[in-house]
Amino acid sequence: MTRSTLSVAVVATPTRRVLFGSLLAGAAVLASATLTGCGTPSADAAEAPGAVPVRTPAERIVGEEVAVLTDAPNVPPPITRRHATKVIVNLEVIEKVARIADSVDYPIWTFGGSVPGKFIRVREGDLVELHLKVDPKATMPHNIDLHAVTGPGGGAKASLTIPGHESVFTFTAMNAGLFVYHCATSPVPMHMANGMYGMILVEPKGGLPKVDREFYVMQSEFYTKGKFGEHGLQTLDMDKGVDERPTYVVFNGAVGALTGDGALQANVGQRVRIFFGDAGPNLTSSFHVIGEVFDNVYADGGTEVTQHGVQTTAVPAGGSVIVEFGVEKPGDLVLVDHAIFRAFNKGALGILKVTGPDNPKVFASIKGLVSTGE
């Protein structure tokens, strides 16, 4: 029989705007309609001939720590300990108005105040205690489905939380990899289209190879009632979402988030790792860095290198990839979704600014016209 690794507690904190009883009843109704998320095979499937045996957590938990959480494009430092521990993750759902393009504002829903949500970094075998708070000023309940979770709804069913309250559940990080998390409260597409997604890295027990720079980049879509670039406060157009016609396709929550002062930074000779996720909610990304080749690709967010020398890698909605490469030449490297209209007409474009000494053996521009002899 399958044994779940997820346990639940609900903590009620005061709210000045609503009665707990009536909201809890409404939350229960929503819970019945909430997406069950990414579950696990049934017990029958696990016990079928030739099936992979059901795994259960076995590593001893030593001590506890509070997770360091970061906003994109920053990543928490690598985990150096060689034992499993209890990791406390504190996330707060905040609804706010934010700028998603020049003079374009949007009422985003967030895990931690920004889109994408906080980057979470734990180690394979860790016992994660996740605290999900919902700001008292929020307009509706929220929850969290982590694709890294082995348990009902990826945590969604355990974490439905009304404004002004907090839910707590635990899970063992049994599978190493880079995983998406998102809100899965009904209607799920609305919550995701409004910005409720992020990523969690479960490092393998031996860690990842050392690099010089790590970045967190997540692609997503906004479906606004106004046209691209139309000024003012925009709101969600559900019909565009159903038709999969995004107004904006962006990196890290806004057009230009990774340009200008927000550009990623590296030096010539450094090794770069990008943790890249696609929140969707609809489109597959064709992730490409103009002027670079991915030395290593960890396909589908796994922790084993699957390919070398890759130009473009496909990342489905709700999926991820880890890419690594060295930077050998100064200049601006351009991150794009190579479904190219999305980059130049909808916003899916960023810059990795590389500084340092030039190396003409890598690339050299020959100035002036070269005669053909005709």
Side-chain angles (χ1 to χ4, degrees), residues 33-39 72 95 98 100-101 104 106-111 114-117 140 142-147 153-154 156 178-200 216-230 234-258 274-288 299-301 312-321 335-350:
T34 295
L35 182 70
T36 56
C38 305
E95 300 177 9
I100 63 170
V104 181
Y106 188 91
I108 59 171
W109 300 350
T110 75
F111 288 104
S114 61
V115 176
M140 62 172 57
H142 299 282
N143 66 9
I144 187 168
D145 168 5
L146 302 101
H147 292 187
L178 177 65
F179 301 95
V180 170
Y181 67 80
H182 59 88
C183 187
T185 301
S186 182
V188 180
M190 175 185 290
H191 288 249
M192 294 189 67
N194 284 342
M196 298 200 73
Y197 38 78
M199 286 203 289
I200 175 172
Y216 169 25
V217 179
M218 202 163 194
Q219 180 172 319
S220 61
E221 305 134 32
F222 286 102
Y223 298 83
T224 65
K225 292 188 179 295
K227 297 178 181 179
F228 181 91
E230 187 171 327
Q234 299 294 323
T235 55
L236 174 63
D237 187 326
M238 284 291 285
D239 289 335
K240 282 186 180 178
V242 171
D243 293 340
E244 302 185 6
R245 294 183 291 109
T247 318
Y248 299 91
V249 182
V250 299
F251 293 149
N252 288 0
V255 176
L258 296 180
I274 296 178
F275 298 108
F276 183 85
D278 183 0
N282 287 319
L283 304 181
T284 293
S285 174
S286 300
F287 182 54
H288 175 79
D300 301 318
T312 301
T313 185
V315 186
S320 64
V321 70
L335 286 64
V336 297
D337 180 341
H338 214 297
I340 208 70
F341 275 99
R342 299 176 190 169
F344 293 98
N345 297 82
K346 291 182 180 287
L349 183 148

Checklist entry - Tell me, do Y223 and N282 make a side-chain contact under 4.5 Å, heavy atoms counted? => result yes

Item to check | Euclidean distance, K240 NZ relative to R245 CZ, rounded to 0.5 Å | outcome: 6.5 Å

Checklist entry - Roughly how far, to the nearest 0.5 Å, is the OG atom of S186 from the CG atom of N143? => result 10.0 Å

Checklist entry - Going from CD on E95 to CE on M196, what distance comes out if it is rounded to the nearest 0.5 angstrom? => result 7.5 Å

Next on the checklist: In the structure I gave you, are the side-chain heavy atoms of V217 and L258 within less than 4.5 Å of one another anywhere?
Outcome noted: yes

Checklist outcome for this item: In this structure, CG of D278 is separated from CE of M199 (nearest 0.5 Å) by 10.0 Å

Item to check | Any residue meeting ring pair (Phe, Tyr, Trp, His ring centres under 6.0 Å) with Y106, in chain and number order, not counting sequence neighbours | outcome: F222

Checklist entry - Quick one: does E221's side chain get under 4.5 Å of E244's, heavy atoms only? => result no

Checklist entry - Measuring from T247:OG1 to D237:CG, what's the distance to the nearest 0.5 Å? => result 7.0 Å

Checklist entry - Can you name the nearest heavy-atom pair linking E230 to G226, along with the distance? => result OE1-CA, 3.5 Å

Checklist outcome for this item: For A279 and S220 the tightest heavy-atom approach is CB-CB, 4.0 Å

Checklist outcome for this item: Residues passing the side-chain hydrogen bond (donor to acceptor under 3.5 Å, both in side chains) test with D337, sequence neighbours excluded, are Q219, R342

Item to check | Flag side-chain contact, heavy atom, 4.5 Å: W109 against V115 | outcome: no

Item to check | Any side-chain heavy-atom pair of L335 and I274 under 4.5 Å | outcome: yes

Next on the checklist: Would you call the rings of F251 and F287 parallel, tilted or perpendicular, taking 30° and 60° as the class edges?
Outcome noted: perpendicular

Next on the checklist: Measuring from atom NE2 of H142 to atom OG1 of T110, what distance do you get when rounded to the nearest 0.5 angstrom?
Outcome noted: 9.0 Å

